[in-house]
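One-based numbering along the sequence shown. Note that the structure is a prediction, hence the values are computed from the model and not measured.
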Amino acid sequence: MIYQFDSRVRYSEVDENRRITLLSILNYFQDCSSFHSEKIGVGIDYLNKRQCAWVLSSWQIVLGELPVFGQEITVQTWPYSFKGFLGERNFCIRDEKGEKLAWANTLWTYVDLKTGHPTRVPKEEQEAYVLHEKLDMDYAPRKIALPEKMEKKESFLIVKHHIDTNHHVNNGQYVQMAMEVLREDMRIRQVRVEYKKSAVYGDVILPKIAEETRRTVVELCDMGERPYAVVEFVGEKK
């Protein structure tokens, strides 16, 4: 029911303080769900043949004591619900003693790539997964409330390293983009992401930011100020 793999935090995955970066955590989570799907036979090739894809709609990631360079970790994932064209999945990174270091909830949409519209998850694919109990955590709403006033930042171009196998900007890259305009003295405790539409190679991103006491919201927009993604960081000063 729970798919997991063991790893060790690499030098390429840590920041200047030798702690794992948020992007590395996101990459571990995405890799874990991809490995899970491949293991049970409903991975990339299966989806390509059916011209369908799982598109991530939202993240909620909670950060505890972040692992450090060289630390042994276990990365876990499991689905807990299918409803029509939606799937919900939890993630967790644990230390050597089984304690939670980072954990997450996600909402996914099953999309027919021929039409671009959501479609019901096939019965055979639902049966390939074994649902597990929902993780005990404080679940936030999928929708992120936008502040009334947001400050525009300098726009930038989507380049090749932002793109994944779906030919869109990778989910984790939106978070990394948002962090580029985040103040440096913030210790992040929770991240929420609401995905609106997919950016592709050559698009231009216009970031907008609003800072509150413990919450910072970054809206990543096109040049018409229509959002690709909204990212919310919650935390405190270091």
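In this structure, a donor-acceptor pair under 3.5 Å is absent between the side chains of S34 and S37. Neither side chain, Q173 nor D164, offers a donor N or O lying under 3.5 Å from an acceptor on the other. Between the side chains of Y228 and E219, not a single donor N or O lies within less than 3.5 Å of an accepting N or O. Side-chain N/O atoms of S58 and Y195 include no donor and acceptor closer than 3.5 Å. S33 and T77 share no side-chain donor-acceptor pair at under 3.5 Å. Using a 3.5 Å distance cut-off with no hydrogens or angles, the side chains of Y28 and E13 do pair a donor with an acceptor.
No more than 12 heavy-atom neighbours from other residues, nucleotides or ligands sit within 6.0 angstrom of CG on D136. Few gaps surround NZ on K114; more than 12 heavy atoms of other groups in view lie less than 6.0 Å from it. By the 6.0 Å contact criterion, NZ on K83 is open, its count of non-hydrogen atoms from other residues, nucleotides or ligands being 12 or less.
Here the closest heavy-atom approach between residue P207 and residue E154 is recorded as CD-O, 3.4 Å. Smallest separation of non-hydrogen atoms from E133 and W78: O-NE1, 2.9 Å. When all heavy atoms of F233 and L22 are compared, the closest pair comes out as CE2-CD2, 4.2 Å.
Annotation: the span from S81 atom OG to K134 atom NZ amounts to 8.0 Å, rounded to 0.5 Å.
The backbone N or O of R19 lies less than 3.5 Å from a partner atom in the side chain of D15, making a donor-acceptor pair. No donor-acceptor pair closer than 3.5 Å links the side chain of E72 to the backbone N or O of D95. A donor-acceptor pair under 3.5 Å links the side-chain atoms of R8 to the main chain of G70, judged by distance alone.
Every residue meeting the side-chain hydrogen bond (donor to acceptor under 3.5 Å, both in side chains) condition with Q60, not counting sequence neighbours, appears here in chain and number order: Q190. Evaluation of the salt bridge (charged side-chain N to carboxylate O under 4.0 Å, His left out) rule for R187 yields no partner, not counting sequence neighbours. For K196, the side-chain hydrogen bond (donor to acceptor under 3.5 Å, both in side chains) test picks out E194, with sequence neighbours left out.
Tested against Y80, the residues L131, L135, N105 include a single side-chain contact (heavy atoms from CB on, under 4.5 Å) partner, N105. A side-chain hydrogen bond (donor to acceptor under 3.5 Å, both in side chains) with Y110 holds for exactly one of E125, R120, Q126; it is E125. H36 pairs in a ring pair (Phe, Tyr, Trp, His ring centres under 6.0 Å) with only one of the listed residues (Y129, F5, F91), which is Y129.
For E99 and R94, the salt-bridge test fails: no basic side-chain N is under 4.0 Å from an acidic carboxylate O. A salt bridge does not link E212 to R214: none of the charged nitrogens lies less than 4.0 Å from a carboxylate oxygen. Electrostatic pairing of E232 and R215 counts as a salt bridge here, judged by a charged N lying under 4.0 Å from a carboxylate O. Classification of R50 and D112 as a salt-bridged pair fails, no side-chain N sitting under 4.0 Å from a carboxylate O.
Taking the six-membered ring where the residue is Trp, H162 and F156 present tilted rings, their angle falling between 30° and 60°.
Looking at I20 and I25, their side chains come closer than 4.5 Å, going by heavy atoms from C-beta outward. Counting heavy atoms from C-beta outward, L101 and I73 have side chains that approach closer than 4.5 Å.
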